[in-house]
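As structure tokens, the structure follows; a few thoughts come after it.
Remember, it's a predicted structure, so these values are computed and weren't measured experimentally.
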Amino acid sequence: MSENNRKLGLKDKLDKFFYKIFNPSHIAYTIIFFIEVLILIVLNFLGSTALGDIGLFLATTFSLSFIILMFIGIYPKLETYLFSKSMDQYKILIFLSVFSVSFSIILMYFLYGTSTQLPIQFLGWDYILPGFYIITYFGWNMAQIFFLKTSFEDMSLKANRKILPEVRSNKNNYISVLFLILAISIPIITQLGTFFAFSQFFEPQAPSDPITPLWWFYGWNVAMFGVILVISYRLFSLFIKSKKNDTLNVFSSIFYVLIWLIIWFRSFSFINSFRSVTQVTGIDSFRVVIDVFLMVFTAILVIRGLGSRTYKIRLFNPNNLAFFLFAFTLIYMEGQIVMITGAGSISGTYTNRSQVNLVNNFLVLLITLVFYWYYAEYSLKKNGLILKKIFNQEEVIIIVSDFKDYLVNSGALDSNRISDSEFQNFLQEKKLKIKDLYIPETEKFDD
């Protein structure tokens with residue numbers, strides 16, 4: 001019985017982590033999704049404008065089908081048919097019917113909706129669809145750091161609470177300094193390790209190979225040590241601010257290390273993509289296999305990452321969320337493929353996936369650096385770890401209400417002299433009127 005419970009627990013965790021895409025109730029749709037993913041990957045490697053149009057058509061058709069299924073999945077009465085535990089006739093019939101509708105709509109659009117056939121050229125499928133997919137691809141990659149920040153912040157806060165005791169002592173000072181040193185050391189050690197471990201891969205493999213990639217690798221290492229110097233200075237300045245505020249912490253050091261992992265990964269991916277672009281190595285079967293694996297793995301990561309951000313929206317439920325994730329992931333992947341193969345009136349800008357990664361990783365790296373510079377200080381202010389000079393409305397109300405409670409509890413203010421309604425009127429006069437104006441002690445914001 002315990003083994004069955006253990007298996008059930010693992011199954012529930014997988015369903016929760018991947019939003020039921022591997023559950024028997026959804027596995028048929030997941031298989032269809034991955035078949036379409038593999039078709040897009042094949043079209044990506046064959047690479048031509050004609051195949052790009054086919055890929056665009058298929059990605060749009062399947063995405064629309066999953067979006068329609070998402071809306072159908074809102075209704076509880078249809079759950080029996082849509083999410084049965086087997087590939088029964090109802091599930092097959094519903095999917096084929098939805099796919100037929102989507103196919104017909106998109107086919108009509110492709111036949112009669114080109115930019116030359118419509119009064120407004122921008123609305124033609126050959127312009128709006130490829131452009132939308134490309135924007136989605138870059139937009140999602142550049143926005144990922146804003147999704148990761150919540151997890152990084154939570155991890156740093158939990159570590160701070162466990163490592164540092166609440167009572168201030170000299171021990172806090174020693175621990176915070178130790179973590180500061182470790183945090184600054186980790187990027188330096190990582191970058192040195194990267195230099196010595198990977199320099200040979202950038203060296204010419206044959207006398208005819210150019211030496212340019214090696215020089216770029218050296219230049220990249222110099223630039224990264226410059227980046228480490230800048231962000232380490234930022235970390236040290238935040239540590240000094242925390243010390244002046246008498247709120248020594250390990251939060252900023254741990255947050256710094258987590259952000260550094262993203263910076264290192266993106267920067268190394270950038271220079272590695274540069275090597276792939278500049279070196280003429282012919283068709284490397286191993287690299288092709290790795291690219292296929294990475295694209296499939298990326299599809300799963302997009303499903304996981306986006307699902308964690310959309311699960312709380314009322315439109316979604318535990319069953320229909322998977323359809324939205326399938327649709328978005330196909331659009332995301334097609335955005336990358338369009339830039340290589342071209343589609344519609346947009347010609348292929350890049351010749352391979354490495355060139356796309358080159359631009360993408362550079363943009364993400366730049367955004368991550370700017371994000372860390374500003375958000376690291378904001379998060380410390382938000383959690384009361386450095387002096388805050390500006391307060392929003394909710395924070396002002398909490399402070400004022402706390403002060404009122406303090407005056408009442410200390411006997412300096414008679415609670416009968418000022419009622420809750422009078423207190424709320426005072427806040428309203430000061431333009432501090434918000435929802436749930438007075439916040440009881442047990443319900444106050446945990447900022």
Side-chain angles (χ1 to χ4, degrees), residues 142-195 220-268 270 362-392 395-396 399 446-447:
M142 289 186 286
Q144 280 189 43
I145 187 62
F146 298 99
F147 296 144
L148 288 172
K149 70 175 176 61
T150 302
S151 299
F152 286 175
E153 199 170 357
D154 289 343
M155 291 168 62
S156 302
L157 280 173
K158 289 177 181 177
N160 190 70
R161 294 191 189 103
K162 289 183 178 180
I163 294 171
L164 290 184
E166 293 183 6
V167 180
R168 292 184 177 88
S169 64
N170 289 332
K171 184 180 179 182
N172 286 19
N173 186 44
Y174 297 138
I175 293 175
S176 60
V177 171
L178 175 62
F179 269 80
L180 175 67
I181 295 172
L182 286 173
I184 293 175
S185 301
I186 287 173
I188 296 173
I189 295 171
T190 304
Q191 198 59 40
L192 285 173
T194 303
F195 175 79
W220 168 73
N221 275 276
V222 172
M224 286 308 298
F225 279 114
V227 168
I228 292 172
L229 179 64
V230 171
I231 59 177
S232 296
Y233 166 78
R234 183 60 166 169
L235 174 62
F236 184 75
S237 66
L238 294 175
F239 174 82
I240 297 300
K241 289 183 179 181
S242 298
K243 189 175 180 66
K244 289 180 179 178
N245 195 48
D246 199 21
T247 49
L248 289 169
N249 62 87
V250 299
F251 170 87
S252 58
S253 297
I254 295 174
F255 188 76
Y256 170 87
V257 172
L258 293 173
I259 291 293
W260 164 253
L261 294 177
I262 301 298
I263 293 173
W264 177 85
F265 174 75
R266 287 298 183 179
S267 66
F268 182 74
F270 168 79
F362 176 75
L363 291 175
V364 175
L365 173 61
L366 186 62
I367 288 174
T368 304
L369 289 171
V370 174
F371 166 81
Y372 172 74
W373 186 270
Y374 289 99
Y375 192 80
E377 183 172 8
Y378 169 79
S379 61
L380 286 170
K381 287 180 178 178
K382 187 176 71 168
N383 292 288
L385 297 174
I386 62 175
L387 183 64
K388 181 184 290 189
K389 297 180 180 179
I390 299 175
F391 296 84
N392 59 37
E395 291 167 337
V396 172
I399 292 171
D446 183 12
D447 209 20

Can any side-chain N or O of Asn245 pair as donor or acceptor with the backbone N or O of Thr247 at less than 3.5 Å?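 Side chain of Asn245 to backbone of Thr247, a donor-acceptor pair under 3.5 Å: no, none is there.
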Is Glu153 close to Phe251 at the side-chain level, that is, under 4.5 Å between some pair of heavy atoms?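 The answer is yes, as the side chains (C-beta and beyond) meet within the 4.5 Å cut-off.
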Would you mind reporting whether Ile262 and Phe152 have side-chain heavy atoms less than 4.5 Å apart?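 Phe152 vs Ile262: side chains touch.
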Evaluate the criterion side chain to side chain contact (heavy atoms under 4.5 Å, CB included) for residue pair Phe179 and Asn249; output intermediate values, then yes/no. CA-CA 9 Å; Phe179 269 80; Asn249 62 87; over 6 Å; no
Would you be so kind as to tabulate the donor-acceptor pairs closer than 3.5 Å made by side chains of residues 227-238, with sequence neighbours excluded?
| residue | atom | partner | partner atom | Å |
| --- | --- | --- | --- | --- |
| Ser232 | OG | Ile228 | O | 2.6 |
| Ser232 | OG | Tyr256 | OH | 2.9 |
| Arg234 | NE | Trp373 | O | 2.9 |
| Arg234 | NH2 | Trp373 | O | 2.7 |
| Arg234 | NH2 | Glu377 | OE1 | 2.7 |
| Ser237 | OG | Tyr233 | O | 3.3 |
| Ser237 | OG | Arg234 | O | 2.7 |

Just verifying a value: how many Å separate [X] [atom1] and [Y] [atom2], rounded to the nearest 0.5 Å?
X      : Y      : atom1 : atom2 : answer
Leu366 : Ile263 : CG    : CD1   : 11.0 Å
Trp260 : Ile188 : CH2   : CD1   : 9.5 Å
Ser267 : Gln191 : OG    : CD    : 6.0 Å
Leu182 : Ile189 : CG    : CD1   : 8.5 Å
Phe195 : Trp220 : CZ    : CH2   : 10.5 Å
Ile181 : Ser253 : CD1   : OG    : 9.5 Å

Specify the closest pair of heavy atoms between Val250 and Asn160, including all atoms of both residues, with the distance to one decimal.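 That closest heavy-atom pairing would be N-OD1, 2.8 Å.
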Measure across Leu248 and Leu164 and return the closest heavy-atom pair with its distance rounded to 0.1 Å.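 Smallest interatomic distance, heavy atoms only, reads O-CD1, 3.4 Å.
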Taking the inter-plane angle between the rings of Tyr375 and Tyr378 on a 0 to 90° scale, is it parallel (under 30°), tilted (30 to 60°) or perpendicular (over 60°)?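 Taking Tyr378 first and then Tyr375, their aromatic rings sit tilted (interplane angle of 30° to 60°).
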So Ile259 and Phe371, side chain to side chain contact (heavy atoms under 4.5 Å, CB included) or not? Walk me through it. CA-CA 10 Å; Ile259 291 293; Phe371 166 81; 3.9 Å; yes
